[in-house]
Amino acid sequence: MTVFALVDANNFYVSCERVFNPRLEGVPVGVLSNNDGCFVARSNELKALGVKMGEPLFKVRDLIRRHNVRVLSSNYALYGDMSARIVDCLSCFTPDIEIYSIDESFLDLTGMEHRDLIEYGQGIRATVKRWTGIPTCVGIGPTKTLAKLANFAAKKALIDGTSVCDLRDQEVRDKLMTRTPVDEVWGIGRRSAAKLTALGVHSVADLRDMDTKRARSLLTVTGERIIHELRGMACMSLDLLEEPQKGLAVTRSFGQPVIGKDELLSALVTYVTRAGEKLRRGGLVAGHMQVFARTSPFRGDPPYSGSGQASVSPATDDTFELIGHATRILDRIWKPGFRYAKAGVILTDLTPRGQAQPSLLDRRDTDRSKRLMAAMDAVNSGMGRGTIRPGMASATKGWGMRQESRTPAYTTQFADVPVVRA
DNA sequence: TCTGGGGTCCTAGGACCC
DNA sequence: TCTGGGGTCCTAGGACCC
C-alpha cells in the first residue's frame with residue numbers, strides 16, 4: 001500500500017511577499033500576472049472580497065481602492081528562490097520527492113505507516129515555516145489524487161482544521177467526497193465538470209462510484225484513471241527523476257498593441273534571445289521552432305493569428321541562428337494593418353547538447369558560437385539580463401511589459417538584499 | 001486604457017508503408 | 001461492379017495543470 005503526501009504552500013506568491021514585508025500580513029494582498037494583467041495569487045482576505053483567480057485587474061479597480069488592497073506585480077526571481085528553499089526543507093524529511101510545481105511537492109511516505117502521519121505532517125509544516133517563513137498545508141492519501149484531495153480539505157479546514165489532512169481512512173474519505181463538488185478533483189477541469197454535471201455526477205463521491213467504462217468514453221483514459229485513484233488504487237507513481245523537458249516557450253502579451261513589423265520583430269528577437277538562454281541553461285538544443293503573432297481577442301480589433309514553423313537542422317542553442325529562423329518565419333506570417341497584442345516563440349524537439357545528431361554537411365563554426373554564447377551568458381548573468389543583446393532587440397517601445405509594483409529580488413540580487421537596522 | 005505564461009498528456013485523423 | 005487490412009508516425013487541437 002502506497003502513501004503519498006502533498007505539501008502545498010498557501011497563497012504562495014502572497015506568502016513570499018509577506019516574508020519580506022510583514023505589513024502585508026492580515027490585509028488583502030494580490031499578486032498580478034505578467035503585464036499586471038490578472039490576479040494570479042490572492043491572500044485569504046482578498047479571496048473573501050470575492051476576487052477570483054485570473055480576474056483582470058481593471059475590472060475590479062473600484063473594489064481594490066475601496067478596500068485598500070495591496071496589489072503587486074509578480075516577482076519570479078523571488079518566488080523561484082523561495083520555492084527551492086522549501087524543497088531543501090522537504091529533502092530533510094525524505095529523499096523521495098517529486099517537485100510538482102513552483103509551490104507543490106509530492107512526498108513518498110510509503111513504509112512510514114507505523115508513525116503518526118498527522119504529527120509527521122505537522123513537523124513538515126513547522127519546519128518549512130520556521131526555515132522559510134512560508135505557511136503550507138499537507139494532504140496525505142494512498143494515491144496522488146487522494147493526497148491532492150486531502151490537501152484541498154486541509155486548506156479549507158474541512159476535516160479538523162489542523163492544516164494536515166489524512167485521507168487513508170475510508171470513512172473520512174466518504175464523508176469528504178459526499179460534500180465536495182466534482183470539479184475540485186485533480187484533473188477535472190471546466191469542460192469535464194460540465195459533462196459530468198449534465199449526467200448527474202455532482203460530487204466527488206458520484207464520480208468515484210461512476211462506471212469506469214462510461215467514464216472512459218466520456219473523459220478518455222484520464223477519467224478512468226482518476227476514478228481508480230479516487231477508489232484508492234494507485235495508478236500514478238511519483239516521478240522522482242526529472243524527465244527531460246520536451247518543449248520550451250517564451251510568449252508575452254505586449255504592454256501596448258504593436259503595429260509595425262520592425263517593432264514586432266524586435267519583440268520576437270527579445271523572446272528568442274530569452275529562449276536561447278533557457279536552452280543553454282538546460283544544456284539543450286532545439287530541432288524545431290514555431291513562431292506566432294496575434295491580435296487581442298478582447299478588444300474587438302479585426303482578428304488575425306499568424307503562426308509558422310521551421311525545422312532547425314542541425315539542432316542548435318545559438319541565439320543568432322535561432323533569430324535567423326524566427327525572422328524568416330515572421331516574413332511568412334506577417335500581415336500589415338493589424339494591431340498585434342501578443343507574440344511568442346516555441347521550441348520543441350529538444351535534446352541534450354551532446355546527444356544531438358551531428359550533420360556531415362554542418363559547416364558552422366560551433367566552437368566560435370559556443371564561446372560567444374558563453375560570454376554573453378556570463379555577462380548577462382553577472383550584470384543583469386539584457387546587458388548584452390542582439391541589436392534587433394533594442395528597439396523596445398510600447399511592447400515592453402508593464403510592471404508597476406514589483407518588489408525587489410530580496411534573495412537573489414546583492415543590491416536587493418534587505419538591510420536590517422538594530 | 002487595462003484580460004498571463006509555460007507546461008503535459010491524450011486523441012483523431014492523415015500520410016505512408018507493406 | 002469491384003475498391004484490404006493493419007501497422008507506424010506525425011501533427012493539430014483539446015483539455016488540464018499551476
Side-chain angles (χ1 to χ4, degrees), chain A residues 6 8-13 30-42 51-62 64 71 73-76 79-80 83 98-106 144-145 148 151-152 155 182-196 215-226 235-236 239 242-257 271 274-275 278 282 287-288 290 292 294-301 305 307-309 311 339 341-350 398 401-404:
Chain A
L6 177 69
D8 188 325
N10 303 347
N11 315 331
F12 181 53
Y13 298 170
V31 175
L32 299 172
S33 63
N34 274 341
N35 253 324
D36 291 348
C38 317
F39 284 93
V40 292
R42 303 152 296 149
V51 173
K52 298 273 180 279
M53 182 71 175
E55 180 90 65
L57 170 65
F58 75 93
K59 285 193 176 173
V60 289
R61 283 268 193 217
D62 269 2
I64 295 303
V71 177
S73 306
S74 37
N75 182 348
Y76 287 103
Y79 312 149
S83 172
E98 174 187 340
I99 302 170
Y100 177 66
S101 77
I102 195 165
D103 74 329
E104 280 173 78
S105 290
F106 284 102
K144 284 171 117 176
T145 305
K148 265 281 199 185
N151 197 287
F152 166 79
K155 280 242 160 66
V182 70
D183 63 347
E184 298 294 349
V185 174
W186 187 37
I188 301 296
R190 232 187 33 216
R191 303 294 181 126
S192 304
K195 286 184 196 168
L196 289 167
R216 185 173 184 144
S217 70
L218 192 73
L219 309 172
T220 79
V221 296
T222 329
E224 188 180 355
R225 192 163 53 214
I226 289 171
C235 304
M236 288 180 274
D239 296 325
E242 207 173 323
E243 294 292 313
Q245 198 178 3
K246 300 187 170 169
L248 174 167
V250 179
T251 71
R252 294 276 181 283
S253 296
F254 303 134
Q256 281 173 30
Y271 303 163
R274 180 77 193 109
K278 287 184 174 184
H288 190 88
Q290 191 182 340
F292 72 89
R294 64 165 175 77
T295 54
S296 168
F298 302 109
R299 306 170 50 109
D301 289 343
S305 178
S307 139
Q309 36 196 317
S311 59
R339 295 161 57 80
K342 179 176 181 171
V345 56
I346 299 156
L347 301 176
T348 47
D349 278 8
L350 305 187
M401 239 194 325
R402 266 192 314 275
Q403 282 208 315
E404 287 180 4

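Every heavy atom of this structure was used, including side-chain atoms; hydrogens, water molecules and symmetry mates were not. Naming: A, B, ... by sequence-line order, numbering from 1 per chain.
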*Heavy atoms under 4.0 Å, any strand shown: does Tyr100(A) hit a base, just sugar-phosphate, or nothing?*
sugar-phosphate
*Starting from the 5' end of DNA chain B, give me the residue, Pro244(A) or Thr220(A), whose nearest nucleotide shows up first.*
Pro244(A)
*Looking at dC18(C), dC9(B), dG5(B), which one has an atom nearest to any side-chain atom of Lys246(A)?*
dC9(B)
_Ile102(A) atom CD1: more than 12 heavy-atom contacts under 6.0 Å_ = yes
*Which pair of non-hydrogen atoms, one from Ala275(A) and one from Leu347(A), has the smallest distance, and what is that distance?*
CB-CD1, 3.8 Å
_Distance test, side-chain N/O of Lys342(A) to OP1/OP2 of dG5(B), below 4.0 Å_ = yes
*asked:* Are Arg216(A) and Val221(A) packed together at the side-chain level, in the sense that at least one heavy-atom pair is separated by less than 4.5 angstrom?
replied: yes
*Kindly say if Lys148(A) contacts the phosphate of dC18(C), meaning a side-chain N or O under 4.0 Å from OP1 or OP2.*
yes
_Need one value for Glu104(A): base, sugar-phosphate or nothing, where a base atom within 4.0 Å counts as base even if backbone is also close, heavy atoms only._
sugar-phosphate
*How long is the line joining CD of Glu242(A) and P of dG7(B), in whole Å?*
12 Å
*Enumerate, in order of first residue number, the stems that involve DNA chain C, defined as 3 or more consecutive Watson-Crick or G-U wobble pairs with both distances under 3.5 Å.*
B:5-18 with C:5-18
*Quick check: does any side chain N or O of Asn35(A) sit under 3.5 Å from a backbone N or O of Met401(A), one acting as donor and the other as acceptor?*
no
*Is there a donor-acceptor pair closer than 3.5 Å between any side-chain N or O of Ser74(A) and the backbone N or O of Leu32(A)?*
yes
_Short side-chain N/O contact from Ser296(A) to OP1 or OP2 of dT3(B), under 4.0 Å_ = no
*What nucleic acid atoms does Leu248(A) come within less than 4.0 Å of, heavy atoms only: base, sugar-phosphate, or nothing?*
sugar-phosphate
*asked:* Under 4.0 Å, counting only non-hydrogen atoms across every strand here, what does Gly247(A) touch: a base, just sugar-phosphate, or nothing?
replied: sugar-phosphate
*What nucleotide among dG6(B), dT11(B), dA15(C) has an atom nearest to a side-chain atom of Ser192(A)?*
dA15(C)
*Which listed nucleotide (dC16(C), dT3(B), dG7(B)) is nearest to the side chain of Ala249(A)?*
dG7(B)
*Donor-acceptor pair, Asn151(A) side chain versus Leu6(A) backbone, under 3.5 Å?*
yes
_Closest nucleotide among dG5(B), dT3(B), dC10(B) to the Asn34(A) side chain_ = dG5(B)
*OP1, OP2 of dG7(B) versus side-chain N and O of Gln245(A): anything below 4.0 Å?*
yes
*For Trp186(A) and dC17(C), give me the distance from atom CH2 to atom P, rounded to whole Å.*
10 Å
*asked:* For the C1' atoms, the ones on dC16(B) and on dG4(C), what distance do you get once it is rounded to whole angstrom?
replied: 16 Å
*Specify the separation, in whole Å, of atom CE of Met401(A) and atom C1' of dT3(B).*
16 Å
*Counting any heavy atom closer than 4.0 Å, what does Gln309(A) reach on the DNA or RNA strands: base, sugar-phosphate only, or nothing?*
sugar-phosphate
_Value in whole Å for how far the C1' atom of dC9(B) lies from NZ of Lys144(A)_ = 13 Å
*Is any side-chain N or O of Ser74(A) closer than 4.0 Å to OP1 or OP2 of dG4(B)?*
no
*Distance in angstrom units between Leu218(A) CG and dC10(B) C1', rounded*: 15 Å
_Categorize Val31(A) for me: base, sugar-phosphate, or nothing, with a 4.0 angstrom heavy-atom threshold over every strand shown._
nothing
*Donor-acceptor pair, side chain of Lys342(A) and main chain of Phe292(A), under 3.5 angstrom*: no
*Is Asp103(A) touching bases, backbone alone, or none of the nucleic acid, heavy atoms closer than 4.0 Å?*
sugar-phosphate
*If you check the Arg252(A) side chain, which of dT11(B), dG6(B), dG4(B) turns out closest?*
dG6(B)
*For Ile102(A) and dG4(B), give me the distance from atom CD1 to atom P, rounded to whole Å.*
19 Å
*Just do the salt bridge (charged side-chain N to carboxylate O under 4.0 Å, His left out) check on Arg42(A) and Glu55(A) with the steps written out, would you?*
CA-CA 10 Å; Arg42(A) 303 152 296 149; Glu55(A) 180 90 65; over 6 Å; no
*Ignoring hydrogens and geometry, is there a side-chain-to-backbone donor-acceptor pair from Ser73(A) to Glu404(A) under 3.5 Å?*
yes
*Met236(A) CE - dC17(C) P separation (whole Å)*: 11 Å
*Would you please confirm or rule out a distance under 4.0 Å between OP1 or OP2 of dC10(B) and any side-chain N or O of Arg225(A)?*
yes
*Are side-chain heavy atoms of Asn34(A) and Ser253(A) found at a separation under 4.5 Å?*
no
*Is the phosphate of dG4(B), meaning OP1 or OP2, less than 4.0 Å from a side-chain N or O of Arg402(A)?*
no
*Closest nucleotide among dG6(B), dT11(B), dC17(C) to the Val250(A) side chain*: dG6(B)
*Which listed nucleotide (dC18(C), dG4(B), dC16(C)) is nearest to the side chain of Ser101(A)?*
dC18(C)
*Given atom CD of Glu404(A) and atom P of dG4(B), what is their separation to the nearest angstrom?*
16 Å
